[in-house]
Amino acid sequence: MAFPTETVYGLGCDALNPDAAAKVFEAKQRPQFDPLIVHIADRRQLDNVVRALTITARQLIDQFWPGPLTLVLPKQPTIPDLVTAGLDTVAVRMPNHPVAQALIREAGTPIAAPSANPFGYVSPTTAQHVADGLGRAIDLILDGGPCPVGVESTIVSLIGPQAELLRPGSITLEQLSAAIGPLSRSSSVVDQPTAPGQLARHYATQTPVTILTSAKTRPIPTKYERAGLLIFSEARVADERFAVVEALSATGDLREAARHLFAALRRLDAQGLDRIYVEPCQEEGLGVAIMDRLRRCAAL
Ligand code: TXA
Ligand code: MG
């Protein structure tokens, strides 16, 4: 069953049931080396999922849950190997969305859920996106409207000696280090990913994506090319060199841009364009997560 969270739609199953998890991997055609995030509705459920909480974990939980922050912690044996891809750690978060919370409470069990898209494609931020990608493979979609955040949760590993940012998201590095001090950052491209979020090409459109080197340079698309353009503010929407122009925000606001990012990429991807050009944004705050997703989309 697919359900909305504040970040993106998830494809959920009972996190304690390996057969249910197997169905999720199958529906998404997701490789089994890619572990799932376990979603909980309240603190009591955490004891069934993780073995031990450090002081750092408690600080992050107190400050950011419920919300778009996923923590990697030592797992309880009750969590099946398939959910964690055989790792002895588990990724867990408490979503801040009334539908997700109600679903987990009604289910009476933690819910394991990856983003509700076919493996490798752009994550879904509306029920329609889920239906477009997985409609044939799943039986039910809870429609909670568009997701208010729009990019996947920030993932922090608390396994090593120092907290490590595994995936940037809307809880920013600045917010995290204000709460717990410095974090290390995993290099974004690794050969042996613990996590496919770390695969270079992921969250990708079918149409090739090129990120422009600065917001001011624009290549003229070759005359053989039908190109789309993705920009951050509405100021320069009219540009006859491009078949389609999508602006992510009226004013260049990054929260609004993140909320619209995946829907805009999907609309551009549906136009049969030869190429999508993307203007970069400042890599600060939420801009780090947005550029991370765009780079993965552009990776070959
Ligand atoms: O916002 C989100 O996090 C959404 C919503 C549905 O909650 N979920 C999501 O799930 O983005 P998914 O499966 O698309 O991405 C989960 C990421 C993957 O890159 C996975 O490898 C990583 O979390 N992950 C899961 N368990 C892990 C673990 N034990 N250690 C390191 N990374 C882990
Ligand atoms: Mg995903």
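When a ligand or atom number is given, it counts from 1 through the structure's own listing order.
- Distances between N or O atoms of Thr5 and those of ligand 1 include no value under 3.5 Å.
- Inter-residue side-chain proximity for Pro146 and Thr125 is flagged as unmet; no heavy-atom pair is nearer than 4.5 Å.
- A donor-acceptor pair shorter than 3.5 Å cannot be found between the side chains of Arg293 and Ser123.
- Under 4.0 angstrom from ligand 1, the non-hydrogen atoms of Arg30 all belong to its side chain.
- Looking at Arg44 and Asp42, a side-chain N of the basic residue comes within less than 4.0 Å of a carboxylate O on the acidic one, giving a salt bridge.
- Among the backbone and side-chain atoms of Ser115, an N, O or S atom lies under 2.8 Å from the Mg ion (ligand 2).
- Aromatic ring orientation, Phe3 versus His39: perpendicular (interplanar angle above 60°, classes split at 30° and 60°).
- For ligand 1, the atoms lying closer than 4.0 Å to a non-hydrogen atom of Pro114 are 10 (O), 12 (P), 13 (O).
- Near Ser153, with a cut-off below 4.0 Å to any heavy atom, the atoms of ligand 1 are 1 (O), 2 (C), 3 (O).
- Between the side chains of Thr251 and Asp253, no donor N or O sits under 3.5 Å from an acceptor N or O.
- Of the polar atoms of Asp34, at least one N or O is found under 3.5 Å from an N or O of ligand 1, judged by distance alone.
- Close contacts between ligand 1 and Leu87 involve ligand atoms 28 (C), 29 (N), 30 (N) [criterion: under 4.0 Å to a heavy atom].
- Lys75 does not count as a contact of ligand 1, since none of its heavy atoms falls under 4.0 Å from the ligand.
- A donor-acceptor pair shorter than 3.5 Å can be found between the side chains of Thr5 and Thr7.
- Of all atoms in ligand 1, listed by their number and element, those nearer than 4.0 Å to a heavy atom of Thr89 are 28 (C), 29 (N), 30 (N).
- Atoms of ligand 1 lying under 4.0 Å from at least one heavy atom of Leu36, given by number and element, are 25 (C), 26 (N).
- Ligand-side atoms of ligand 1 in range of His39: 5 (C), 6 (C), 7 (O), range being under 4.0 angstrom from any heavy atom.
- Taking all heavy atoms of Gly12, Pro35, Pro4, Ser115 into account, the minimum distance to atom 27 (C) of ligand 1 is reached by Pro35.
- A salt bridge does not link Lys23 to Asp19: none of the charged side-chain nitrogens sits closer than 4.0 Å to a carboxylate oxygen.
- Residue Arg167 approaches ligand 1 through these ligand atoms, each under 4.0 Å from one of its heavy atoms: 2 (C), 3 (O), 9 (C), 11 (O), 15 (O), 16 (C), 17 (C).
- Ion pairing between Arg93 and Glu152 fails under the 4.0 Å rule for side-chain N and carboxylate O.
- Counting the atoms of ligand 1 from 1 in the order shown, those under 4.0 Å from a heavy atom of Thr7 are 1 (O), 2 (C), 4 (C), 5 (C).
- Between Ser153 and Thr70, the side chains place a donor N or O and an acceptor N or O closer than 3.5 Å (distance only, hydrogens not considered).
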